[in-house]
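Bear in mind the structure is a predicted one, so any value in this text is a computation, not a measurement. All ligand and atom numbering here is 1-based and tracks the order in the structure. Residue indices begin at 1 and follow the sequence shown.
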Amino acid sequence: MQDQTVINQMKGHIIDAVNKAASGHPGGALSSLDFAYLLFSEFLNYDPDDTSWLGRDRFILSAGHESALLYTLLAYQGFLPFDELKRFRQVGSKTPGHPENVHTPGVECTTGPLGQGAAMSVGFAAAAKHFAAGLDPKLFSQKIWVLMGDGCMQTPVALGAASLAGHYRLSNLIWYYDRNAVQISGKISRATSDNTRKIFEGFGWKTLEIDGHNHEEIRTALTRASRNTGKPLLIIGNTVMANGTASMSGSPKTHGSPLPQDEYVKTKELLGLSPSEEFYVSEECLTHFRRNHDGLRKKVRSWHSLLKKKHKDAAFAQRYASHFINPVTEENTPSLAWDTTKPLATRAAFGKIIHKWCETMPALVGGSGDLEPSNETTGFAQNVGDFQHDSYQNRNFAFGVREFPMTAFVNGLALFGGLKPFVGTFLSFSDYARPALRLGAIQRACAIHEYTHDSFYVGEDGPTHQPVEHIMSLRLIPDLYVMRPADALETEILYRQALSLPTTSIMCLTRQNLPHLTLTAEQKQNVLKGAYNVNEQSDPELIILATGSELHLALKVAGSLQGVKTRVVSMPCWELFEEQDAAYKESVLPRSCSKRVSIEAGSTTGWQKYTGSGGLNIGLDTFGMSGPASELEKRFGFTVENIIQKIQGHTFS
Ligand SMILES: Cc1ncc(C[n+]2csc(CCOP(=O)(O)OP(=O)(O)O)c2C)c(N)n1
Ligand SMILES: [Mg+2]
């Protein structure tokens with residue numbers, strides 16, 4: 001059996017899947033296939049019987065549009081029924097338009113937004129290095145392979161992550177760049193004249209350049225990659241778009257459309273396949289593709305027996321469990337004794353929490369985008385040490401100013417498994433990270449984003465650093481929990497919860513000090529329900545909903561509103577509140593009380609959901625301003641007097 005016969009048959013699957021769906025991206029998939037085929041059939045370490053084997057190599061298709069290639073590979077591996085290729089891009093299939101980890105076993109992460117797969121791979125590689133150093137180098141000797149295209153290579157997020165990977169000297173990371181030099185709008189020379197090798201060498205990578213259709217050159221490169229040490233490796237494969245088609249090789253028209261009917265027929269014939277027989281797969285080809293499966297199974301068995309042997313060491317067993325069996329427990333996230341006489345910023349509370357929990361919770365890793373003192377992560381960093389090329393067992397990441405790459409990076413850390421990462425910056429810079437937040441939520445990656453300086457109360461730094469629309473706009477992202485705690489205790493309770501949520505969370509934290517709340521045991525429980533009656537006012541005539549720092553203002557307003565039974569509802573997390581049953585919601589926000597006010601130092605749009613259109617929404621709908629916070633709060637109306645005046649002047653309906 002010739003490799004070329006298998007490759008031709010696989011090309012048939014790619015073309016057929018796109019043709020049947022009348023949608024998809026054959027061109028890049030065909031140019032990448034030679035490399036991908038040799039990687040998967042000869043070099044990739046995986047368990048043919050278990051896509052979740054921890055010791056597996058990770059393969060990340062950063063060029064997510066080439067999904068037909070990945071699904072074909074997964075089918076040949078035995079992880080995806082061949083029939084799923086016939087359902088390519090259809091509702092409910094395991095073969096969605098772009099690879100999605102939550103739908104398809106064997107897909108490590110969701111890709112499609114170009115560059116992010118490559119950026120996430122750096123997190124995967126760092127996680128593997130961390131476990132190799134801290135647990136066992138043989139158990140975590142896997143490689144992280146990335147297949148990327150011209151588009152990925154053009155993205156700042158991939159380049160930013162490559163710089164980080166070079167700094168960390170992640171030798172387990174291999175990026176294969178399928179340089180077919182064509183993208184949607186034509187030749188890449190219209191947009192790019194980079195010297196990619198020089199750039200990567202400057203980043204601290206090794207580089208190789210090969211003919212991406214020459215099997216011997218690919219094998220030599222893959223052999224070098226498998227033995228790679230010292231630095232990450234970039235393999236540039238010069239390839240031809242839509243390689244193997246009858247007359248469309250090199251054509252950008254093959255990027256995102258099925259082959260035209262005539263071309264389809266001629267290409268199938270050229271590949272030695274019958275145009276009338278779709279999705280043809282021969283036993284011989286399958287057997288050839290899977291010829292290493294017995295050897296792989298042997299490797300997997302010896303990995304498991306090593307793991308078993310290592311478990312005889314009680315310290316190892318405990319450490320392993322703390323990552324992969326039960327990373328977050330009540331014991332390893334102990335309560336902190338807050339000194340309620342001393343006001344504390346919620347960012348400082350977060351800093352104290354990670355400083356404490358990192359001692360009991362090995363899975364806790366993270367770092368700041370060069371805002372360590374502001375994010376209050378300095379103590380944590382000192383406690384756990386910097387993750388560097390000579391200290392992979394350490395747990396603090398000094399990310400530098402790389403918001404988007406670092407956010408994609410922590411998605412990778414989280415998706416590798418065994419880690420509960422956080423990452424910090426200013427809330428106003430969440431915009432730099434947003435595409436990776438969205439992808440984190442789509443992938444259900446449990447990463448926690450510590451966004452401090454969460455309002456105009458930042459003060460003197462001015463409008464560039466004062467979030468306005470951020471909190472509300474982050475609430476718009478589905479499957480993402482936006483938390484804005486009002487004091488240290490709420491911060492602790494919500495962070496503990498976020499560590500156990502099966503998706504991404506954001507914690508909006510204050511720069512300025514806040515008083516402490518005194519909560520009953522029941523109220524503490526109710527913090528987890530996203531909103532609760534904080535001043536225990538029954539039968540309210542007026543309800544004030546507030547989050548974060550504004551909760552304290554709301555409490556003062558309620559205290560000063562003579563003769564009006566005013567309930568103050570602390571609402572640190574809309575998403576958690578939405579998950580509660582109708583009875584709980586009614587108990588917090590009784591329908592009988594329609595006089596409702598919201599106070600939050602940010603955009604008011606959206607609060608009508610809870611106040612009704614006839615309610616009063618106090619917030620900030622303009623850019624902020626440079627000046628002391630104490631003056632800004634007057635200027636923007638965040639005073640008891642102003643709010644009482646507004647409430648008294650408002651016609652609630
Ligand atoms: C961030 C981002 N921007 C734009 C797109 C839309 N898009 C999908 S593929 C592609 C072109 C990529 O070119 P290349 O990587 O060379 O792929 P090829 O055409 O070779 O398959 C674009 C612009 C995207 N998926 N992600
Ligand atoms: Mg290309």
Side-chain angles (χ1 to χ4, degrees), residues 11 14-15 17-18 21 23-36 60-73 88-89 96-100 107 109-121 146-162 175-194 196 209-213 234-245 248-259 403-405 407-408 411 431-440 442-443:
K11 285 188 176 173
I14 292 167
I15 296 168
V18 175
S23 154
H25 301 78
L30 296 177
S31 68
S32 307
L33 180 60
D34 285 304
F35 178 86
I60 294 170
L61 182 67
S62 192
H65 59 282
E66 296 183 17
S67 55
L69 167 70
L70 180 55
Y71 300 144
T72 301
L73 291 162
F88 183 49
R89 298 191 147 222
H98 293 86
E100 294 183 53
V107 171
C109 55
T110 296
T111 52
L114 296 175
Q116 285 205 58
M120 283 188 277
S121 76
V146 172
L147 199 167
M148 65 198 296
D150 301 299
C152 287
M153 197 47 102
Q154 288 167 337
T155 61
V157 68
L159 294 174
W175 286 7
Y176 175 73
Y177 167 23
D178 175 56
R179 184 161 65 185
N180 58 34
V182 166
Q183 57 194 134
I184 294 180
S185 308
K187 293 196 167 127
I188 61 165
S189 58
R190 292 179 67 203
T192 297
S193 45
D194 292 342
T196 305
E209 191 166 341
I210 59 169
D211 172 347
H213 298 306
L234 174 72
I235 304 171
I236 301 174
N238 292 310
T239 58
V240 177
M241 184 76 163
N243 181 252
T245 52
M248 292 187 81
S249 292
S251 168
K253 291 201 181 102
T254 62
H255 165 88
S257 317
L259 300 181
E403 288 81 5
F404 187 9
T407 307
N411 284 341
D431 286 338
Y432 277 43
R434 193 173 172 103
L437 296 174
R438 183 170 197 272
L439 204 56
I442 290 178
Q443 300 178 95

*Locate the shortest heavy-atom distance separating M148 from S62; write the atom from each residue and the value.*
CB-CB, 4.2 Å
_Is it the case that the side chain of Q443 and the backbone of T110 share a donor-acceptor pair, with hydrogens and angles ignored and the cut-off at 3.5 Å?_
yes
*For M153 and I188, run side chain to side chain contact (heavy atoms under 4.5 Å, CB included): C-alpha distance rounded to whole Å, both residues' side-chain angles, the deciding distance at 0.1 Å, then the answer.*
CA-CA 11 Å; M153 197 47 102; I188 61 165; over 6 Å; no
*Could you tell me whether the side chain of Y177 reaches within less than 4.5 Å of the side chain of D150, counting heavy atoms only?*
yes
*Return yes when G27 approaches ligand 1 closer than 4.0 angstrom through a heavy atom, no otherwise.*
no
_Heavy-atom side-chain contact between C109 and N411 under 4.5 Å_ = no
*Is there a protein heavy atom less than 4.0 Å away from atom 12 (C) of ligand 1?*
yes
*Run the contact test for H65 against ligand 1 with a 4.0 Å cut-off on heavy atoms, strictly below, and give the result.*
yes
*At a 4.0 Å threshold, what atoms of ligand 1 neighbour a non-hydrogen atom of V182?*
16 (O), 18 (P), 19 (O), 20 (O)
*Enclosure of R179 CZ (heavy-atom neighbours >12, cutoff 6.0 Å)*: yes
*Show the numbers, then the answer: is there a side chain to side chain contact (heavy atoms under 4.5 Å, CB included) between H213 and T239?*
CA-CA 6 Å; H213 298 306; T239 58; 3.4 Å; yes
*Contact (N/O only, under 3.5 Å) between G149 and ligand 1*: no
_Under-4.0 Å heavy-atom contact with ligand 1, by part of D178 that carries it_ = neither
_Nitrogen or oxygen atoms of G151 and ligand 1 under 3.5 Å apart_ = yes
*Give the C-alpha distance, both sets of side-chain angles, the deciding distance and a yes or no for side chain to side chain contact (heavy atoms under 4.5 Å, CB included) between H255 and V182.*
CA-CA 8 Å; H255 165 88; V182 166; 5.9 Å; no
*Can you list the atoms of ligand 1 that are under 4.0 Å from a heavy atom of G28?*
21 (O)
*Of all the atoms in ligand 1, which lie at a distance below 4.0 Å from a heavy atom belonging to N180?*
20 (O)
*So which protein heavy atom does atom 9 (S) of ligand 1 come closest to, and at what separation?*
H255 CE1, 3.2 Å
*Answer yes or no: is there a donor N or O on one side and an acceptor on the other, between the side chain of N180 and the main chain of G28, under 3.5 Å?*
no
*asked:* Is atom 17 (O) of ligand 1 near the protein, in the sense that some protein heavy atom lies at less than 4.0 Å from it?
replied: yes
*How does H25 reach ligand 1, by side chain, by backbone, by both or by neither, if only non-hydrogen atoms under 4.0 Å count?*
neither
*asked:* For atom 22 (C) of ligand 1, what's the nearest protein heavy-atom neighbour? Residue, atom name and distance, please.
replied: I184 CD1, 3.4 Å
*Counting both backbone and side chain atoms, is some N or O of G112 under 3.5 Å from an N or O of ligand 1?*
yes
*asked:* Can a donor-acceptor pair be found, under 3.5 Å and without considering hydrogens, that links the side chain of Q116 to the backbone of P435?
replied: yes
*Does any N or O in the side chain of S67 come within less than 3.5 Å of the main-chain N or O of P99, such that one atom is a donor and the other an acceptor?*
no
*Among protein heavy atoms, which lies nearest atom 5 (C) of ligand 1, and at what distance?*
L114 CD1, 4.2 Å
*Below 4.0 angstrom from a heavy atom of P113, which ligand 1 atoms are there? Numbered from 1 as shown, please.*
26 (N)
*Taking 2.8 Å as the upper limit, name the protein N, O or S atoms near the Mg ion (ligand 2).*
D150 OD2, N180 OD1, V182 O
_Any donor-acceptor pair under 3.5 Å from K11 side chain to L33 backbone_ = no
*State if A63 counts as touching ligand 1 under the rule of any non-hydrogen atom under 4.0 Å.*
no
*asked:* Any side-chain to backbone donor/acceptor pair from S251 onto K253? Under 3.5 Å, distance only.
replied: yes
*Where does Q183 meet ligand 1, judged by heavy-atom distances below 4.0 Å: at the side chain, the backbone, both, or neither?*
both
*asked:* Given 3.5 Å as the limit, does a donor-acceptor pair link the side chain of Y71 with the main chain of I14, or not?
replied: no
*Hey, does H98 have a side-chain heavy atom less than 4.5 Å from the side chain of R89?*
yes
